[in-house]
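Single-structure report; data block below.
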Amino acid sequence: NMSDVMMRHLLGSDKKVVHDPGPEGESGEGDACLVMMFLVIAAAMLITIYEKFVRKHEGLDPDAGDFIEDDKQVDAKAKAAEEGVTMTQVALTNEMTAEEKADQAAQAKWLQPSSENPIKKAVLTLGVFYCLWVFLLTLGVMGTGFKLLGGKSSAKMFDVADNPISALMIGILATVLVQSSSTTTSIIVSLVGADELSVNTAVFMIMGANIGTSVTNTIVAMGHFANKDDLRRGFAAATVHDVFNMLNVLVFLPINWIYPFLEKMTYEMAKSQKPCDGDDCNKTEFLKPYISPYSKGVANYDKKVAGYISQNWCGGQCGVSFSSDAMKIISTEVCTSPGVCSNVQANYEDNWMSGGYLTKKRAPAYIVGTSGDDPAEFHYTKPATGCDSPVALFDDTENWTSSVADNLAVGTCYAVCVDDDLKSKVKTGLCDKRLLKGGLTLDEWDMTDNGAGTFLTIVSLISLCSCLFCIVYMLQIIVKGTAARILRKVVGFNGYLNIVIGMFITIMVQSSSITTSTLTPLAAVGLIGLEDMLPLTLGANIGTTITGIMAATVVTSNPVQAWQVALCHLFFNVFGIVLWYPIPKVRQIPLNGARFLGKMTTNPKWGKIFPLVYTFVVFFIIPGIAYAITAAATA
């Protein structure tokens, strides 16, 4: 490209510039990532000790008669004066609910003028950016941990999606297990591209993935359990994402079940798409290339294994490119009857067939002739006996002709998917491969998949809570007075602008979970109101679908189906925003649902455990039971 040519010219060289990382050393991105995470954990512990045992607390809560006016109140009072209406200023009195008093107090604390040293503020600002960076790294490590623990289990779920409800529940559960809707969506796209999943069924899985991805910020909200008001606000801000997605599904799932309008609409939009070629296949990424080396340095997750499991390559995968005529010959020998090949393998599925014959990658390594009308024995590995000197099934591997077809000798072993030396070219054990393929946890510590997943999940959750604690602590010093007013004015200016802001942030970080998880702590401490959090969340929903569309532009096969899935994801969210946001009274439905869930955390007996119970019931137990029932029925 032009920049590469210019760089070579400036350096006085005709050779292509290639990054040289230098010799491999003992330390790298993985070490740095863990050190940064543990530094934040240590900082959180030191701050806690300082606050509990060293610093004398000053009363920051407003008195009962205090009144803090923000810009919205000033505008409302001016409007009331123009209309000749006397506007009563309501302070922190008994006319307000306990929740309103707490929210007013939280706003007052932020809007109070700050007398802190500017140098101290500057240093703490750098600290906030550092903690945000570690927060992003922690989310990446946590995602890897969940994938190592649940990657294979989530991949197996896609086999039983035979109706919209089961597809929805599988989408939720698979996304929760790997903590990434992007991973779930990529598996769905690969299944649709391999003709192992219909676009219509994929639409319902995408709906489930939309719900499942909101579990991350719900977990983040639990980090505020030490303060009941912060927990209430934070949990309401997190679950407004859940409530919106659930309401969306409640409306559009039945409609799309009755008539698959999303599939048909997106097909008309995507039917002319062509596979990318050459330099056009470079995927656009922004922040991920900077975060990914660190999380991979700790633990590198092998995505291909999940693909092998979801597409059922556990028995084997043939590496020979047979013609359709060759597959007809093979299928005739091993299948019980034309189009019926369920006898070949215990894990056989209907999608193994194409045009009435086995697909070429499903071809066996060897077959053994049988007596009578019984089909030939189908083997992905060489039989233990009678196959020391196999006979080639095909005489000519260019025209795929066979002189022994339809006349196999009983007990004779015939080589099918083999090389010129009649050695098997079937890849076996693909599903048994390790999910962990690199990083400190494998290269240095030699941990198992489950061991590494457990370690990373525990450490990342502790680091996540520590990052949130440090960020909130420093923001309480930095963002006060004028800075708080500016931030509130920006996010409170216009809801539709907030949608654009949320979408832009998500496109940059390429994860709606990161966007909402970063905003949730700000809502928890009262800096962002729930009414402002909703459009930011809706923008994040749109932003993550744009990421999917960008991924669809670089597919090298089945581009129409890939574009259909990406566009279905986009329009599912766009239609939801059009339905639930523009009309103020309708908008109150998701807002009131989130407020109710937030208020449930204030119960004196079980309020603090409610978020945990809610998360397990909504994201694990209900989808898990539905999946178990579907799997049992399918079996």
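Atoms considered below: every heavy atom in the structure, side chains included; atoms not considered: hydrogens, waters and symmetry mates.
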TODO: Find the distance between OG1 (Thr266) and CG (Leu570) and round it off to the nearest 0.5 Å.
DONE: 10.5 Å
TODO: State the CZ-CG distance between Phe378 and Leu358, to the nearest 0.5 angstrom.
DONE: 6.0 Å
- [ ] Heavy atoms only: give me the nearest Gly319-Cys417 pair and the separation to one decimal.
- [x] N-SG, 3.6 Å
- [ ] Walk me through it: do Cys318 and Lys360 pass the test side chain to side chain contact (heavy atoms under 4.5 Å, CB included)?
- [x] CA-CA 7 Å; Cys318 177; Lys360 60 184 180 182; over 6 Å; no
- [ ] Looking only at non-hydrogen atoms, find the nearest pair between Glu263 and Cys568 and report the distance.
- [x] N-SG, 4.3 Å
TODO: Compare every heavy atom of Met447 with every heavy atom of Gly451, then report the nearest pair and how far apart it is.
DONE: O-CE, 3.4 Å
Open item on the list: Treating Asp421 as the side-chain partner and Lys423 as the backbone partner, does any N or O pair qualify as donor plus acceptor under 3.5 Å?
Closed with: no
Open item on the list: Using every non-hydrogen atom in the two residues, find where Tyr380 and Ala365 come nearest and quote the distance to one decimal.
Closed with: O-CB, 3.3 Å
Open item on the list: Ring-plane angle category for Phe620 and Phe616, please: parallel below 30°, perpendicular beyond 60°, tilted otherwise.
Closed with: tilted
Task: Inter-residue atom distance Lys433.NZ - Asp302.CG, 0.5 Å rounding - done: 7.0 Å
Open item on the list: Quick one, Tyr259 with Lys264, criterion side chain to side chain contact (heavy atoms under 4.5 Å, CB included). Give me CA distance, side-chain angles, the key distance, then yes/no.
Closed with: CA-CA 9 Å; Tyr259 181 76; Lys264 294 183 179 298; 3.1 Å; yes
Open item on the list: Checking Asp396 against Thr401: is there a side-chain donor and acceptor pair closer than 3.5 Å?
Closed with: no
TODO: Determine yes or no for a side-chain-to-main-chain donor-acceptor pair under 3.5 angstrom, with Glu377 supplying the side chain and Thr370 the backbone.
DONE: no
Open item on the list: Which residues pass the disulfide bond (SG atoms under 2.5 Å apart) test with Cys33, not counting sequence neighbours?
Closed with: none
- [ ] Without swapping roles, check the side chain of Thr213 against the backbone of Ala209 for a donor-acceptor pair under 3.5 Å.
- [x] no
TODO: Over all heavy atoms of both residues, which pair between Ile172 and Phe619 is shortest? Give the atoms and the distance, please.
DONE: CG2-O, 4.3 Å
- [ ] Check for a donor-acceptor pair, side chain of Glu333 on one end and backbone N or O of Asp406 on the other, with a separation under 3.5 Å.
- [x] yes
Task: Salt-bridge contact Asp449-Arg434 (side-chain N to carboxylate O under 4.0 Å) - done: yes
TODO: Could you check whether the rings of Phe322 and Phe394 sit parallel, tilted or perpendicular, using 30° and 60° as the cut-offs?
DONE: tilted
- [ ] Dump the intermediate steps for side chain to side chain contact (heavy atoms under 4.5 Å, CB included) on His569 and Thr544, then the final yes or no.
- [x] CA-CA 9 Å; His569 197 183; Thr544 198; 4.2 Å; yes
Task: Intermediate values then yes/no, side chain to side chain contact (heavy atoms under 4.5 Å, CB included), Ile329 and Tyr357 - done: CA-CA 9 Å; Ile329 294 173; Tyr357 303 97; over 6 Å; no
Task: Considering all heavy atoms, the nearest Asn248-Asn573 contact - done: ND2-CA, 4.2 Å
Task: CG-CZ distance between Asn200 and Phe261, expressed to the nearest 0.5 angstrom - done: 10.5 Å
